[in-house]
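Scroll down for the structure; my scribbles are underneath it.
Values below: every heavy atom of this structure, side chains too, minus hydrogens, waters and symmetry copies. Heads up: numbering here begins at 1 and tracks the sequence.
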Amino acid sequence: MKTRKGYKVYPLTAAQKFHFYYLNFCPKKQVLNIGTSLTIEVELDWDVLRQAIYKAYERCESMRLRFTEDKEGNWYQYVVKEEEREIEFVDFSNQSMEEAEATMRSWTEVPFDHHDKPQNRIVMIKTCDGFSGVYLLVDHLTMDAQSLICFMKDIIEIYSNAKYEGVAYPKEMASYIEQLQKDLAYEEGSRAKEKDTEFFEKLIEQSEPIYNGVDGSKKLEEERKRDKNPNLRAAINATDSVDSELDIFHLEEEPTRRLMDFCEEYHISLACLLLMGLRTYFQKMNGNDDVSINTAIARRATLKEKKSGGTRIHSFPLRTIIGEEKTFLEGIYEIRDMQNELFRHANYDPVAYFTHRAKTYPTKPGQTYEPMSLTYQPMTLKEKGLDKLGDIHYKTKWYPNGATTQAMYLTVMHRPEDNGLDFNFEHQIKAISREKLEFFYYYICKIMFKGIEKPNLTIGEIIKLV
């Protein structure tokens, strides 16, 4: 297939294939939906906002993405010239916030048809608290959280340029097609891909990881009994139900600032500190120095990658073997070094990673070494979005789609109101309860704050103190 409806078609990228890979196993097809709203405490001019949305569509190729399937079942993608859909408007001002949010949550649970149809929905909304703005739903095959935030920011800046004096028109977005072609050239057998394959295969073949559970080694012991294999190192983590819930825990502005100051002082990212908190918890609960956690890598190092839209997330296990005699700070630096290694080779196909690992250490379907996944989302609208408009209050909210193929997925983000941290746990309802998550969150924070307070304490000492 070379063209579709007069548009040039392209194969899917590794990131998109990864999403398709788990979509095939998931009975609830809304698993790829990302729903969010952004509202501002201002009376909006709906006609100007509508025009700003159309303009943002025009500037962002991946928001005009379509998919098509050939007779053999292979999927392709193409970008249409323009979006002509009517932009909906829904007035929630006579409803409570709970009712409005329940409606938006229900919108988020409606899957997209992938056959030649739009892969997003935008609704202009007005809520009872005097805020107005937009609800945006996208398919993860076309956008990830960073490109979604970038698109939202574009709408705001185009609108603000039209409505307020002295607000500059936003700089051009980058081409999605251009980045797509680079990704496809890499996949077609480049020297870079050879080097990345070499790195990951060597990493996998070093030794077999071990599963660490939130509750300790209970799951692994049960799995060993079932398999009649006392040396088994993998366990089934997810359940037979993909029904999910989103539970959010809020860390206040002041303690968040302490974490950020520590990261600045020791030249590490907050993601490293979070990973240190998580892995130390698993080390405490399971008694293993060897801990693996899935981490998401955004692959947006260049300005063009940051502004090209699309989905660029690759997810790999970050495995660290750190003895209890090491200090908290030494542990963090080991995580940083390992993360930097992963970043360097992050264009590698995650499906190829897991395929090679399953060949090296044959496991049964569903067995894994990673109890959870982590994404840290540093990008906020506050960064360079609304600060030009003075003290306008705004709110963002993420809506769960009701399905996940993983037992637990933690996304840590900054709140727009105060830059404090929100710990968003999306989890299978059958796999882990809110009470258990509360306990988990409490201990991660205890470990991190004890560690930043006394970074030269050993991990063993911190484990005893918390």
Side-chain angles (χ1 to χ4, degrees), residues 1-37 50 53-90 103-125 134-145 147-148 150-152 154-155 173 175-177 179-180 183-184 242 308-313 398-403 405:
M1 187 187 284
K2 294 230 169 70
T3 60
R4 175 75 173 156
K5 302 190 172 188
Y7 298 106
K8 186 173 177 186
V9 301
Y10 300 90
L12 301 184
T13 64
Q16 290 170 321
K17 284 177 186 167
F18 187 55
H19 294 316
F20 256 117
Y21 174 72
Y22 63 81
L23 178 67
N24 289 336
F25 298 108
C26 191
K28 289 190 162 187
K29 298 307 177 191
Q30 74 264 31
V31 70
L32 292 179
N33 283 10
I34 309 173
T36 186
S37 64
R50 187 177 279 110
I53 292 167
Y54 280 130
K55 194 72 200 163
Y57 266 130
E58 196 184 300
R59 288 159 50 89
C60 182
E61 289 174 348
S62 67
M63 286 294 282
R64 292 179 274 119
L65 206 52
R66 302 285 190 272
F67 295 102
T68 189
E69 192 180 11
D70 67 14
K71 287 172 188 151
E72 285 76 47
N74 301 307
W75 285 90
Y76 294 88
Q77 59 189 317
Y78 60 97
V79 174
V80 299
K81 194 176 168 214
E82 57 189 354
E83 280 302 354
E84 299 169 306
R85 285 175 285 154
E86 181 53 39
I87 307 294
E88 307 160 71
F89 170 70
V90 175
T103 299
M104 287 184 267
R105 183 174 173 152
S106 72
W107 292 345
T108 309
E109 292 182 7
V110 178
F112 289 100
D113 177 354
H114 288 126
H115 295 86
D116 300 293
K117 296 282 197 311
Q119 301 300 301
N120 54 67
R121 178 186 181 189
I122 297 184
V123 185
M124 299 186 294
I125 56 170
V134 289
Y135 162 86
L136 173 58
L137 175 65
V138 298
D139 190 294
H140 210 346
L141 286 161
T142 65
M143 298 288 263
D144 54 36
S147 48
L148 188 149
C150 205
F151 180 76
M152 284 279 214
D154 207 42
I155 293 173
M173 299 292 260
S175 166
Y176 169 75
I177 296 285
Q179 292 306 315
L180 169 68
D183 283 349
L184 295 173
V242 297
S308 62
T311 185
R312 299 192 59 76
I313 301 281
W398 297 79
Y399 302 93
N401 59 34
T405 54

- [ ] Report the C-alpha distance between Val134 and Ile53 in whole Å, list the side-chain angles of each, state the deciding distance to 0.1 Å, and finish with yes or no for side-chain contact (heavy atoms from CB on, under 4.5 Å).
- [x] CA-CA 10 Å; Val134 289; Ile53 292 167; 3.9 Å; yes
Open item on the list: Pair Tyr7, Val80 - check side-chain contact (heavy atoms from CB on, under 4.5 Å), show working.
Closed with: CA-CA 7 Å; Tyr7 298 106; Val80 299; 3.8 Å; yes
- [ ] Could you walk me through whether Arg121 and Glu88 pass the salt bridge (Lys or Arg N to Asp or Glu O under 4.0 Å) test, one step at a time?
- [x] CA-CA 9 Å; Arg121 178 186 181 189; Glu88 307 160 71; 2.8 Å; yes
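Two residues are said to be in side-chain contact when any heavy atoms from C-beta on lie closer than 4.5 Å; Phe67 and Gln16 meet this criterion. Inter-residue side-chain proximity for Phe151 and Met143 is flagged as met; some heavy-atom pair is nearer than 4.5 Å. Side-chain atoms of Asp144 and Arg312, non-hydrogen and from C-beta on, do get closer than 4.5 Å to each other.
Asp139 meets the salt bridge (Lys or Arg N to Asp or Glu O under 4.0 Å) test with no other residue; sequence neighbours excluded.
With rounding to the nearest 0.5 angstrom, the OG1 atom of Thr68 is 11.0 Å from the CG atom of Asn74. Between the CG atom in Asp154 and the NZ atom in Lys55 there is a gap of 10.0 Å [rounded to 0.5 Å]. The line from NE2 of His19 to CG of Leu32 is 6.5 Å long, rounded to the nearest 0.5 Å. A distance of 6.0 Å separates CD1 of Ile34 from CG of Leu148, quoted to the nearest 0.5 Å. With values rounded to the nearest 0.5 angstrom, Leu65 atom CG is found 9.5 Å from Tyr78 atom OH.
With hydrogens and angles left out, the side-chain atoms of Tyr135 and Thr108 include a donor and acceptor closer than 3.5 Å.
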